[in-house]
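Presented below is the structure to which this report refers.
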Number of protein chains: 2
Amino acid sequence: MATMADVARRAGVSAKTVSNVLSGYPYIRESTRARVLAAVDDLGYEINVTARILRSGRSGLIGLAVPELGQPYFGELADEILAAARRHGLHVLIQPTGFTREGELGALREPRRRLVDGLVFSPAALDQSDAHLLENLDYPLVLLGEQMFSRHVDHVTMHNVEGVRAATDLLLDVGRRSIAAIGMLHATTAGSAALRYLGYREALGARGIAVDERLLGWADDGWHRANGARAMAAVLDSGVEVDGVVAFNDALALGAMFELQVRGRSIPGDVAVVGFDDIEDARYSVPALTTVDPGRREIADVAVDLLRARLDEVPGATRRPPVLHVADLRLVERESTPARAS
Amino acid sequence: MATMADVARRAGVSAKTVSNVLSGYPYIRESTRARVLAAVDDLGYEINVTARILRSGRSGLIGLAVPELGQPYFGELADEILAAARRHGLHVLIQPTGFTREGELGALREPRRRLVDGLVFSPAALDQSDAHLLENLDYPLVLLGEQMFSRHVDHVTMHNVEGVRAATDLLLDVGRRSIAAIGMLHATTAGSAALRYLGYREALGARGIAVDERLLGWADDGWHRANGARAMAAVLDSGVEVDGVVAFNDALALGAMFELQVRGRSIPGDVAVVGFDDIEDARYSVPALTTVDPGRREIADVAVDLLRARLDEVPGATRRPPVLHVADLRLVERESTPARAS
DNA sequence: ATGAAAGCGCTAACAA
DNA sequence: TTGTTAGCGCTTTCAT
């Protein structure tokens with residue numbers, strides 16, 4: 001395969017000049033540039049990126065660590081991150097962590113192997129006690145979609161608590177009082193599940209309603225549809241009355257709706273349902289799902305911008321203090337909940 | 001940041017010995033290995049993968065080019081490919097091509113830049129006239145999920161035609177005669193759309209039914225739910241009678257079901273619906289969607305195996321002739337179609 | 001505006 | 001079982 005030296009020889013210039021042309025260095029005579037590009041074309045030359053990275057120390061690749069692409073939320077998020085990165089000439093290496101601690105620790109080691117310049121990381125298995133693992137890293141890191149881990153790291157997060165609280169308030173506003181929470185996890189103490197449960201509890205508490213344990217639907221195997229259906233079934237089987245459902249993500253909500261309809265409950269007549277994420281499916285379920293749009297596009301844009309800013313920081317100079325960006329969130333009312341009396 | 005030389009110094013060995021330990025070379029005294037690993041640990045050393053790739057010429061990375069991760073079929077497929085690769089110690093660099101010709105041509109150039117050793121490619125924008133672009137490449141390539149492009153390239157495909165034909169036959173078997181086809185594309189002549197349409201036409205033809213143009217639902221903007229709903233609406237608005245729907249993928253089917261239900265048609269009573277892909281959503285839609293399982297897991301496994309075999313081929317020796325693997329496919333009957341009289 | 005020399009960090013090839 | 005030497009292909013630094 002042709003190397004830069006081959007191109008240089010053919011164009012009658014030095015390798016450095018070829019390098020200059022290919023990396024957009026401006027002070028090159030137009031005729032020289034043309035000859036170089038012609039030689040590149042003739043030889044079908046493609047630059048060897050590993051050599052370039054090794055020498056320059058920068059890859060233009062950013063890592064994206066998410067649990068699983070098959071979950072529409074993360075698949076759609078990955079597409080948004082990729083698009084944002086591309087707008088700035090960056091590429092993305094995706095590392096699914098499989099919801100495992102091991103996977104997440106592996107992703108955190110990756111930038112030190114020098115293939116990616118920095119990392120956008122959406123933790124799902126690590127918890128607050130691991131905060132120290134995210135500090136004092138020697139590469140740029142942006143954390144996504146979770147609560148604060150550390151004041152020393154850039155975060156792009158969403159109003160988890162307020163989002164679920166608003167969702168629950170909507171159900172309360174339309175008169176529902178037996179509201180199930182679908183998506184409880186035993187494992188984490190401070191992850192999305194805990195925060196979203198908090199929003200649920202706060203909303204009930206503000207109206208003096210106690211949490212009924214029988215209304216809590218557990219989904220320790222992950223926030224998939226199957227588990228939403230299963231958790232809903234468990235709640236219904238407990239014999240408790242249910243007239244509303246707050247699910248901690250849309251997949252759970254869709255699974256729960258499935259189970260409700262299988263059992264002949266009408267939505268929203270018998271049971272009103274709210275989700276979280278606003279994935280594409282939510283718009284086309286039957287009935288269309290009322291849900292919380294967490295501002296995925298904004299999250300992706302801001303995350304990439306924060307990372308870029310860190311990548312451009314000069315080592316010596318004082319660095320910008322860590323940022324906590326909370327994306328705007330919006331309750332999207334559709335058919336799975338009755339209209340509020342206005 | 002520590003280099004291999006630093007580790008070597010600390011362990012009192014040569015750099016080559018460190019290299020040997022880290023790459024699993026077996027003939028090393030146990031005590032030496034222990035000392036090296038201790039030094040690695042002490043220094044928090046991580047290998048520089050770009051240097052390793054540059055020197056060895058192999059990266060252990062395979063490229064995966066798919067249109068878009070937000071589409072559940074591709075998100076789920078990506079997870080399967082990643083899992084299959086990991087089982088063999090390979091990593092995956094995902095390149096979404098955005099359904100564009102430019103994106104796909106870019107992905108095809110990537111391995112020549114030497115970061116990935118080979119490519120698993122699911123084309124969506126290229127067509128038969130581009131077959132020559134896929135031949136005589138100087139790296140291993142496996143094509144996915146489409147028709148044959150060239151006898152000179154490994155393919156892992158599915159029974160597109162037979163799958164849709166079986167789906168259409170099911171509808172015909174239960175007495176439906178006005179069957180809409182959702183997902184027609186003007187652009188491609190030999191892509192999935194064309195093949196799936198062919199299956200539809202064949203099934204009708206075998207029973208002497210002519211294709212009614214008004215029953216063809218176009219989705220040139222992509223096989224998303226929104227377009228399934230839109231195409232279904234267009235068909236219904238044409239005034240033609242409809243008692244069955246064959247959608248060319250599940251997202252389209254779910255969108256079509258949404259539109260049908262919005263208009264008060266019962267499923268499967270008034271209209272029976274069949275999809276293609278068996279994404280997770282299909283199991284939990286209301287009603288649960290009858291669909292064609294294309295054998296995604298098998299496709300991923302076989303694709304990675306074929307690529308691995310090519311990567312291991314010795315340059316001089318005669319190479320295995322190209323393989324065309326057609327994954328097994330299964331019609332999954334759920335609630336969106338009536339049971340067949342047996 | 002272009003070139004020459006050096007070296008990024010690792011492993012192939014060979015030697016011991 | 002371990003070490004030495006060389007060099008992968010590029011960009012940095014410095015020179016002109």
Side-chain angles (χ1 to χ4, degrees), chain A residues 1-37 39-40 43-61 110-117 138 314-315, chain B residues 1-37 39-40 43-61 110-117 138-139 314-316:
Chain A
M1 184 128 17
T3 72
M4 209 170 247
D6 298 328
V7 176
R9 204 168 308 120
R10 186 168 186 116
V13 298
S14 74
K16 179 73 238 252
T17 298
V18 177
S19 172
N20 283 338
V21 168
L22 294 183
S23 41
Y25 180 74
Y27 304 113
I28 295 176
R29 201 176 309 150
E30 200 40 63
S31 63
T32 309
R33 181 199 313 281
R35 250 179 318 128
V36 168
L37 292 177
V40 165
L43 297 174
Y45 171 73
E46 296 280 347
I47 200 165
N48 182 322
V49 294
T50 55
R52 190 214 280 260
I53 298 169
L54 177 59
R55 182 64 245 222
S56 71
R58 291 239 337 213
S59 68
L61 265 175
E110 206 54 39
R112 307 202 63 237
R113 305 172 27 131
R114 324 247 56 166
L115 190 58
V116 300
D117 293 333
D138 47 7
V314 272
Chain B
M1 183 125 22
T3 72
M4 209 171 248
D6 299 327
V7 175
R9 205 168 309 120
R10 183 166 189 117
V13 297
S14 75
K16 182 72 236 261
T17 298
V18 176
S19 171
N20 283 338
V21 168
L22 295 183
S23 40
Y25 181 73
Y27 305 112
I28 295 178
R29 201 176 310 150
E30 201 40 63
S31 63
T32 309
R33 182 200 311 282
R35 251 178 319 127
V36 167
L37 291 177
V40 164
L43 297 173
Y45 172 74
E46 296 280 347
I47 199 166
N48 183 322
V49 293
T50 55
R52 190 214 280 259
I53 299 169
L54 176 58
R55 179 63 247 220
S56 71
R58 290 251 321 225
S59 68
L61 264 174
E110 206 54 39
R112 307 201 64 237
R113 307 176 20 137
R114 325 249 54 172
L115 190 58
V116 299
D117 294 332
D138 47 9
Y139 58 84
V314 272

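What's counted below: heavy atoms across the whole structure, side chains too, no hydrogens, waters or symmetry copies.
Within 4.0 Å of Val49(B), counting heavy atoms only, lies no atom of the nucleic acid at all. Tyr45(A) comes within 4.0 angstrom of the backbone, heavy atoms only, and of no base. The residue Ile47(B) sits close only to the backbone: its heavy atoms come under 4.0 Å of sugar-phosphate atoms, none of a base. Here Leu54(A) lies in heavy-atom contact (under 4.0 Å) with a base. Among the protein residues, Thr32(B) comes within range of the sugar-phosphate backbone only, with heavy atoms under 4.0 Å from sugar or phosphate atoms but none that close to a base.
Between atom CZ of residue Arg10(B) and atom OH of residue Tyr45(B) there is a gap of 15.0 Å, rounded to the nearest 0.5 Å. Taking OG1 from Thr50(A) and CG from Leu115(A), the interatomic distance works out to 9.5 Å, rounded to the nearest 0.5 Å. Atom CZ of Arg35(B) is separated from atom CG of Leu37(B) by 11.0 Å, given to the nearest 0.5 angstrom. Between the CZ atom in Arg112(B) and the CG atom in Asn48(A) there is a gap of 11.5 Å [rounded to 0.5 Å]. Taking CG of Asn20(A) as the start and OG of Ser14(A) as the end, the distance is 7.5 Å to the nearest 0.5 Å. For the atom pair CE of Met1(A) and CG of Leu43(A), the computed distance is 12.0 Å after rounding to the nearest 0.5 Å.
Ranked by how close their nearest DNA chain D nucleotide is to the 5' end, Arg114(B) and Gly12(B) are led by Gly12(B). DNA chain C is contacted by both Tyr27(A) and Lys16(A); Tyr27(A) maps to the nucleotide lying nearer its 5′ end (nearest heavy atom per residue). Along DNA chain D, the nucleotide nearest Ile28(B) and the nucleotide nearest Ala51(B) are compared for position; the residue whose nucleotide lies closer to the 5' end is Ile28(B).
Note: CE (Met4(B)) to C1' (dA12(C)) measures 13 Å, nearest angstrom. Summarising the geometry, the separation between CZ on Arg112(A) and C1' on dG9(C) is reported as 15 Å, rounded to the nearest angstrom. Atom C1' of nucleotide dC8(C) and atom CZ of Arg113(A) are separated by 18 Å, given to the nearest angstrom. Rounded to an integer number of Å, the gap from Tyr25(B) OH to dG3(D) P is 12 Å. For the pair Leu115(B) CG and dG9(D) C1', the computed distance is 14 Å after rounding to whole Å. If you take CG of Asn20(B) and P of dC10(C), they are 14 Å apart, rounded to a whole angstrom. Distance, Arg9(B) CZ to dG3(D) C1': 15 Å, rounded to whole Å. Ile53(A) places its CD1 atom 13 Å from the C1' atom of dT11(D), with the value rounded to the nearest Å.
Distances from the side chain of Ser56(A) to the nucleotides dT2(D), dT12(D), dT2(C) place dT12(D) closest. With dG9(D), dT4(D), dC10(C) as the choices, the nucleotide that has an atom nearest any side-chain atom of Thr3(B) turns out to be dC10(C). For Arg29(A), whose side chain is taken as the heavy atoms from C-beta onward, the closest listed nucleotide among dC10(C), dC10(D), dT2(C) is dT2(C).
Judged by atom type and distance alone, Arg55(A) reaches the base of dG7(C) through a side-chain donor-acceptor pair under 3.5 Å.
Between Ser14(B) and the phosphate of dT2(D), there is no side-chain N or O to OP1/OP2 separation shorter than 4.0 Å.
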